[in-house]
Amino acid sequence: MSGLIRETAPQPASDVKPYTLTSLGEMLAAKCDAKDIQPWLVGQTIEWLSKQDPEQAALLILGTPQAMLALIPEGGGLLGRLCRHLLKHDRADIAQQVWEIAQAMGLVIEGDVSIELAGEMVRTGNYAAARTALEQAQRIGGTLIQQGLLARYELEKGTGHAKAAHEILDQIAESEPSLSTMAYVYRERKQLGSRHAQTARIALVSSYVLDPLAHYLDDQCQRAGLEAELYIAPFNQYVQEIFNEHSRLYTFNPEVTLLSIWLEDIAPALADAPSQVELEKIAEHILSQIDTLAAQFQRRSQAPLLITEFVFMHRSPHGILDNRLPHGLFPWVDQLNRRLAELVLRHERTYVLPLRQVVERIGVEQAYSQKLFYLARMGLSGKAMAELARSVMRYLKPVKGMTKKCVVLDLDGTLWGGIVGELGAEGIYLGPTVPGEEYVAFQRALLNLTRRGILLAICSKNNVEDVLPVLRAHPHMVLKEEHFAAMRVNWKNKAENIREIAEELNIGMDALVFIDDNPNERELVRQMLPQVLTVTPPTDPSLYRDFVESLTDFEQLTITEEDTKRVVQYQAISKRQAMKNAADSIEEYLASLSLRVEIGLAGLEHVERIAQMCGKTNQFNLTTRRYQAADIERCVQSRDHAVYVLRVRDRFVDHGLVGVALIVKEGANWRIDEWLMSCRVMGLTIEQAFMTYLVRDARMNVVNWLLGEYVPTKKNMPVKDLYRGLGFDLVVEEQGRQVWSLDVGRAAHTVPPWITMVDDGGGV
Amino acid sequence: MTVEEVMGKVFKMDRRMLTDQTERAAIEQWDSMGHLQLITELEEHFGVKIAIGDAMEMGSVGKVKEVLRRYGVIG
């Protein structure tokens, strides 16, 4: 052995002979026993050999006692690098063995190597080792985020954990929403099978290729708890699809339909710098075509139709004079879109989706590629489609009755900066300069939500006496005490507080959004109250405003008078609650409210509000048949139906139209096909007053029996025994669906003494 | 990342399955939409803009490499 080793630097410790790296190579080539080599040399040897011949280096490692390996300085790094070289030589199998030795010795290998190896382990079915490798990589961190997620996904899928696999797909899509990743996520989800009970049917009809939008929409739906069913109409067949009543578009029966027409597809002449007269002709051609399409579609489908705005992705042929000329192109596009928005107002359930805002958010350079258009007729980039998909969700959620009703807010670090209990009302960050300005902007955005009928509530761990001075007197608080429909400022756990808030406001837990800067509180609420939408605000408060504005959960397809009044009404409810606690008996409490109820038959002016109530009333809803405006309109005008509406007022507030009952007249029987009331007036015995009224009307129409139905849902348990309470008898029950009957001749209902009936039989 | 790695990522397949001879037809996900995804990904990864004629020429792994070699982004 000594003949192979020359003596040179580096200077070794004590009696160990110095070796050069080359000589070590020679030494190994002579198959000398690794056990004879000094430990400090093993490190250098492996390092050198890893680069030259990683398989040999690995053999050396495998042949060296662990006790000796443990003496190598920075052994983890060394073995990690060796694994990397092995991987490059496609020897993942050996790399795995080396990794396992490191694992056994408690050596830390860099995250990226563990991730790459985990991918291999999953592929070879070595799931247990893969899990360990991934867990380790997660602890250490690395740059291969996407690859790590893919390996974790394969692992969960391979071991049959569909739910966990779905959740990792969520993360994959979020980490890199590129066209290819989204296509992959979509394919995989189809293989994993569905994870949500509720579905959403969306149709895409366009003049250009919009297919990848399906992947982005599917992902958005998954996040919202919906299984998307998508129909993509054949390329550029939008006219045929809409005009032909037997087209697949209609057999698909969409719940939302997106119609997107590329400006230059419908108006190719734009490329030739048209004159003012020509431009007007083009505009008229476009608008009249859209007008016909909307009318045709509406006749055949109940689904809202979203028509995207027209965008012009190029520069003007007139240069800088464009906005000074009567035939300027960009001013013309603006005007075209304005006329489009006016046009759809003439059609029901037809909306203009602001595609220009979608494009502006990311910029034309990012949203459009001429090359993609030439290659595949694809008008929008992946980025643009991701944004467009979010936009579509704003329409889909209200259609599915998923609109949130209340935002529950934390205070310290959320509504203002700093901790009020420590800094005092004067010390918190809230005002016209940073830090502070960003919280003012956030509060303004929240105030705007209340203008759309969304309630705000506080849930904060604080002392009330610290918080109230801020709510009442802080000069820069945009949100004052009166803007909050409910308040829980105490030291109880937040889940409990939120449950109470829902109860107090009489809304379902799934109508709440919870915003808190503290991840622990969020986690607690997520776990204890999964129905509540707990969102993750950005860590930087300067992004709070944009964050809340980007949430797609507060949209409504129409805005009614009731929405704008709601905040006032809920304050009245809070006052009522206070009285309820004060009153000795429930009767006393009800009497103190001075309830006035007005009942009558619905007219066409009520249709919109009734449809809105059908769409979003969940608790006091006997059959939860989500009738659309067109259905209601038919019933209102039909002789075989009667639609009753009910209006309630108390001494605090006018609640407006808060009750609807749809009666189907079946000869001598009247069937209550749908009956719903706003949860705001539940518990006020209004239903007794209504039934008294209905029985009286039935008698006048010589009706023998009133039939009532109850179809159970997750939400309408509160009215399960409503008909029993009103003196009906159960006729039949199958699969939870109950039919009840009341002998009109024998019925003896009376209006409770605390309710005053107003203007009997008149309009509401 | 190598060309094979990028392609493996786009088509979500093992890069070792890809050789220079692998044709477009042999990879199920490499349809016209997959081709767009590939071009987008290659442009992003190698920081080049691939001309439309070149994009249409990319019918196999080898051809993809050939084009990128012309752009001077791979050896």
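Chain letters run A, B, ... following the sequence lines, proteins first, then strands; residues in each count from 1. Computed over heavy atoms, backbone and side chain alike; hydrogens, waters and symmetry mates excluded.
Within 6.0 Å of CZ in A:R315 there are 12 or fewer heavy atoms belonging to other residues, nucleotides or ligands. The 12-atom threshold is exceeded at CZ of A:R223, counting heavy atoms of other residues, nucleotides or ligands nearer than 6.0 Å. Atom CZ of A:R361 has 12 or fewer neighbouring heavy atoms from other residues, nucleotides or ligands inside a 6.0 Å radius. With a 6.0 Å radius and a threshold of 12 heavy atoms from other residues, nucleotides or ligands, A:I232 has its CD1 atom above the threshold. The number of heavy-atom neighbours closer than 6.0 Å to CZ of A:F235, taken from other residues, nucleotides and ligands shown, is above 12.
Heavy-atom proximity under 4.5 angstrom to chain B picks out nothing from residues 152-174 of chain A. Residues of residues 56-75 of chain B lying within less than 4.5 angstrom of chain A, judged on heavy atoms, are B:M56 in numerical order.
Atoms CG and OG, on B:L36 and A:S369 in that order, are 8.5 Å from each other to the nearest 0.5 Å. B:M33 contributes atom CE, which lies 9.5 Å from atom CG of A:L372 (distance to the nearest 0.5 angstrom). Taking CZ of A:R377 as the start and OG of B:S32 as the end, the distance is 13.0 Å to the nearest 0.5 Å. Here A:S178 contributes atom OG and B:K9 contributes atom NZ; the two are 6.0 Å apart, rounded to the nearest 0.5 Å.
Between A:R123 and B:D14, the closest heavy-atom pair is NH1-OD2, 3.5 Å. When all heavy atoms are compared, the tightest approach of A:S180 to B:E41 is OG-OE1, 3.2 Å.
Contact annotation for A:E188: neither backbone nor side-chain heavy atoms come within less than 4.5 Å of a heavy atom of chain B. Using a 4.5 Å cut-off between heavy atoms, B:L38 makes no contact with chain A at all. Of the atoms belonging to A:S381, not a single heavy atom falls under 4.5 Å from chain B. Contacts between B:E44 and chain A at a heavy-atom distance below 4.5 Å are absent for every atom of the residue.
Distance alone, capped at 3.5 Å, places no donor-acceptor pair between the B:K12 side chain and the A:A183 backbone.
Classification of A:K371 and B:E43 as a salt-bridged pair holds, one side-chain N sitting under 4.0 Å from a carboxylate O. Salt bridge status for B:K49 with A:E365: absent, with no side-chain N to carboxylate O gap under 4.0 Å.
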- [ ] Please step through side-chain contact (heavy atoms from CB on, under 4.5 Å) for the pair B:I39 and A:L375, ending with a clear verdict.
- [x] CA-CA 11 Å; B:I39 286 161; A:L375 281 175; 4.0 Å; yes
Open item on the list: Set out, in order, the CA-CA distance, both residues' side-chain angles and the distance that settles salt bridge (Lys or Arg N to Asp or Glu O under 4.0 Å) for A:E120 and B:R16, then state yes or no.
Closed with: CA-CA 12 Å; A:E120 281 302 320; B:R16 283 166 300 189; 2.5 Å; yes
